[in-house]
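Input: a single structure, listed below in structure tokens.
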Amino acid sequence: MKKVIITLLAALLWLPSIADEGMWIPMLLKRNEADMQQKGMKISAEDIYSINKACLKDAIVLFGSGCTGEFVSDKGLLFTNHHCGYSYIARNSTLEHNYLANGFWAKSLEEEIPCPGLTATRLVRMEDVTKQVLDGVTNDMNEVKRNEKIADNIEKITKKNTEGTHYKAIIKPFYYGNQYFMYVNEVFTDVRMVGTPPSNIGKFGGDTDNWMWPRHTGDFSVFRVYAGADNKPADYSADNKPYKPLQHLNVSLKGVEENDFTFVFGYPGTTNRYATSQAVDLAANVTNPIRIALRTIRLNHYNNAMNKDAAQRLKYSSRVASIANGWKKWQGESLGINRLNGVEKKQAFERKFQQWANDKPMYKDVLPAMEKNYAILRNIELKNTYFSEAVVASDIMTRATQLYKLAITENNATIEKTVKDLIKSNENYFKDFDKHTIVDRAIFIETFCNMCQAGFGGFVANKDVDVAKMEEMLGKIYDNSILTSEKDIMKLLKNYKAKDSKKILKDPAVALYLSAANNLLSADDRKQYTEVKNEINRLYRLYVKGMMEMDANNVSFPDANLTLRVAYGHVEGFKPKDGVYYKAYTTLDGIMEKENPDIYDYVVEPRLKELYNTKDYGQYANTKGELPVAFIATNHTTGGNSGSPVLNANGELIGLNFDRCWEGTMSDLLFDPNYCRNITLDIRYCLFIIDKYAGAKNLIDELTIKR
Ligand code: ARG
Ligand code: GLU
């Protein structure tokens with residue numbers, strides 16, 4: 001009896017606690033407030049997102065088109081990751097002023113470097129606009145009609161909401177179109193580069209350590225947003241003033257301990273939380289392995305070249321970083337899904353759903369139809385993957401694509417513009433062509449051979465192709481194409497007339513591109529692809545709706561879609577495999593442990609070593625006297641969250657999110673609290689580098705530091 005009462009009591013006292021999985025909508029955060037506070041948060045949902053007062057959301061921006069940044073001063077100073085600023089740092093670097101290699105620190109506003117094309121987007125307000133978006137949409141509409149109607153409505157709503165203002169509005173679907181939110185934004189177009197550590201710090205560990213824990217990457221860079229005299233967005237002008245944000249983040253030097261509450265506020269890009277078993281299987285066991293194999297080929301060639309000299313390193317680093325990033329993540333993702341028996345788990349849920357749906361006409365055919373459509377999709381995705389990872393993997397083929405587009409252009413004005421652009425890009429291309437052509441030729445030949453051996457790509461596609469013969473044939477195509485002769489291509493472009501399209505189409509590389517593309521994906525395939533994707537999207541809309549009806553707990557948060565979200569969790573280590581436990585934080589000691597002057601990724605800057613040797617950590621040391629570098633926590637994040645502020649219970653900045661642990665990268669599809677950890681750069685290491693390493697006291701003085 002006593003036991004029964006205790007169990008009953010326990011059940012009554014048990015508050016539903018939401019697991020750490022989830023990327024929550026700021027406007028609806030009130031729903032999570034109690035849970036967040038129970039887990040340690042000391043501020044309110046209103047402090048995070050409010051339309052009535054300045055709040056934390058005013059300090060957050062979408063940095064460029066795929067990262068997050070945050071204001072840390074009242075003069076528009078912005079922190080983000082080094083890898084988010086990377087392409088701008090690279091673009092402003094030359095061998096003489098190599099900011100990538102040596103770092104850069106503006107000592108005054110005048111020294112800050114404009115970054116044309118870079119934007120910072122601040123959310124002004126958001127609103128649920130489901131009713132207006134779905135106005136006039138009926139159940140009997142097919143997807144094409146439905147999408148047209150929705151696009152129409154969206155245009156009207158966004159126009160109405162921005163007319164007469166400098167705002168830009170976008171509307172995004174949630175839960176596969178069961179709900180719509182509008183985001184009214186302010187887009188700043190004058191963003192300047194202020195500071196970056198050298199790559200030895202900002203990219204320490206490079207692609208070897210990427211996605212891995214324990215981690216020691218000082219992954220930050222510093223920018224500044226400028227505005228017109230009225231503090232509103234303005235295109236670059238020397239007269240622009242630093243933007244004064246409504247709110248900037250306070251920086252805390254207190255650090256965090258295991259189990260401390262943290263939250264991440266930023267722009268996660270894409271997740272597929274509600275994917276079916278077929279989708280999970282397709283990713284883990286079909287497309288990921290192909291992508292990985294083909295990227296291995298490219299990476300081997302680029303890495304060999306990069307290890308030869310500094311010029312080639314500079315040339316390839318940006319593209320290698322991006323190729324290697326997906327390459328490694330997909331490996332972790334596939335392993336993670338299979339470790340979790342992800343496909344079987346999804347199947348088990350689908351059986352439950354089907355049982356529930358059997359007597360509901362609206363839902364009973366959803367999963368069988370999913371299965372049918374995924375069978376078709378699987379086939380086309382296979383080919384798509386070969387197209388993007390093999391056919392257009394080399395520069396000669398991407399350039400053949402451009403040339404082909406020119407050949408089929410009819411509008412004279414477009415032809416003229418395209419030719420002009422092509423002349424410019426070709427001038428650049430041939431600057432260091434001799435070394436590059438060796439790399440590109442090898443990539444071209446090897447990726448094509450791989451695809452053909454797998455039975456794809458049309459011409460002589462078969463497992464028993466005579467590889468030597470094929471290499472010879474591809475080599476000839478490479479050498480004989482106008483695309484590999486500066487003289488020939490420039491001659492063609494400089495006097496280009498519409499009738500020259502014939503010459504283009506006869507070029508062996510362009511012809512190969514066309515035949516491979518058409519053999520892989522016929523016009524029918526492409527048509528079918530659109531149809532199947534539309535149908536699958538419709539089915540997901542029903543599936544997710546059904547899941548909610550079945551049990552509201554099935555669907556707790558919407559998939560990431562590059563809109564502002566809050567994820568929360570706590571600092572915690574994890575057990576990646578039997579016998580190993582990963583602690584939750586790393587220190588400068590680990591950098592010295594990894595140091596290896598012979599390996600590019602592990603070279604330690606002399607100045608950093610000096611600071612290490614004298615233990616000159618100042619106010620940035622933790623209570624044990626160590627200099628913390630990074631920590632992990634259970635926040636649910638994904639690509640796009642890079643640069644996101646990681647905040648403590650008081651809403652103060654304690655770090656910059658920059659990665660996830662490799663063992664948990666399946667979290668885009670399946671979140672496992674035992675393995676999924678986000679990786680954060682400890683703000684104390686970031687400030688230590690700015691202050692002690694670079695001596696950029698001017699930047700430290702701008703911050704609001706809480707001790
Ligand atoms: N893995 C991180 C992300 O997904 C960092 C990528 C950049 N770093 C690199 N070594 N490639 O964006
Ligand atoms: N590095 C990623 C980014 O650029 C974040 C890592 C992740 O995918 O979680 O957004």
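In each ligand, atom 1 is the first atom listed, and ligand 1 is the first ligand listed.
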Legend entry - Residues Lys315 and Asp432 bridged, charged N to O under 4.0 Å: yes

Inset, instruction - Distance to 0.1 Å, residue and atom name: give those for the protein heavy atom nearest to atom 3 (C) of ligand 1. - result: Asn325 ND2, 3.5 Å

Legend entry - Taking atom 12 (O) of ligand 1 as the reference point, the nearest protein heavy atom with its distance: His83 NE2, 3.1 Å

Inset, instruction - Could you list the atoms of ligand 1 found under 4.0 angstrom from a heavy atom of Ala321? - result: 11 (N)

Legend entry - Top protein contact for atom 2 (C) of ligand 1, by heavy-atom distance: Asp659 OD1, 3.2 Å

Inset, instruction - Answer yes or no for Lys172 and Phe174: cation-pi contact, defined as NZ/CZ to six-membered ring centre under 6.0 Å and angle to ring axis within 45°. - result: no

Legend entry - Distance under 6.0 Å and angle within 45° of ring axis: Arg565 vs Phe265: no

Inset, instruction - Answer yes or no: is there a donor N or O on one side and an acceptor on the other, between the side chain of Thr665 and the main chain of Trp662, under 3.5 Å? - result: yes

Inset, instruction - Could you list the atoms of ligand 1 found under 4.0 angstrom from a heavy atom of Gly206? - result: 10 (N)

Legend entry - Electrostatic pair Lys328:Asp207 at N-O distance under 4.0 angstrom: no

For a distance cut-off of 3.5 Å, show me each N or O of ligand 2 paired with any protein N or O, plus the separation.
from	atom 1	to	atom 2	distance (Å)
ligand 2	1 (N)	His83	NE2	3.4
ligand 2	1 (N)	Ser642	OG	2.8
ligand 2	1 (N)	Phe658	O	2.9
ligand 2	4 (O)	His83	NE2	2.9
ligand 2	4 (O)	Ser642	OG	2.4
ligand 2	8 (O)	Gly639	N	2.9
ligand 2	8 (O)	Arg660	NE	3.4
ligand 2	8 (O)	Arg660	NH2	2.8
ligand 2	9 (O)	Arg660	NE	2.6
ligand 2	10 (O)	Gly640	N	2.5
ligand 2	10 (O)	Ser642	N	3.1
ligand 2	10 (O)	Ser642	OG	2.7

Inset, instruction - Return the residue, atom name and 0.1 Å-rounded distance of the protein heavy atom closest to atom 5 (C) of ligand 1. - result: Asn210 OD1, 3.4 Å

Inset, instruction - Could you label the plane-to-plane angle of the Phe574 and Tyr675 rings as parallel, tilted or perpendicular, counting under 30° as parallel and over 60° as perpendicular? - result: perpendicular

Legend entry - Test of proximity, Asp207 against ligand 1: N or O pairs below 3.5 Å: yes

Inset, instruction - Decide whether an N or O pair under 3.5 Å exists between Lys203 and ligand 1. - result: no

Inset, instruction - Report yes or no: does Ala324 have a heavy atom closer than 4.0 Å to ligand 1? - result: no

Legend entry - Electrostatic pair Lys329-Asp668, nearest N-O below 4.0 angstrom: yes

Inset, instruction - May I ask you to check if Arg295 and Trp327 form a cation-pi contact, with NZ or CZ under 6.0 angstrom from the six-membered ring centre and within 45° of the axis? - result: no

Legend entry - Six-ring centre of Tyr88, Arg91 cation under 6.0 angstrom, axis tolerance 45°: yes

Inset, instruction - Using atom types as modelled and distance alone, determine if a side-chain donor or acceptor of Thr586 lies under 3.5 Å from a backbone N or O of Arg215. - result: yes

Legend entry - All pairs passing salt bridge (Lys or Arg N to Asp or Glu O under 4.0 Å) where residues 673-682 contributes a residue, at least two apart: Glu572-Arg677, Asp682-Arg684

Inset, instruction - Answer yes or no: does an N/O atom from Phe658 fall short of 3.5 Å to an N/O atom of ligand 1? - result: no

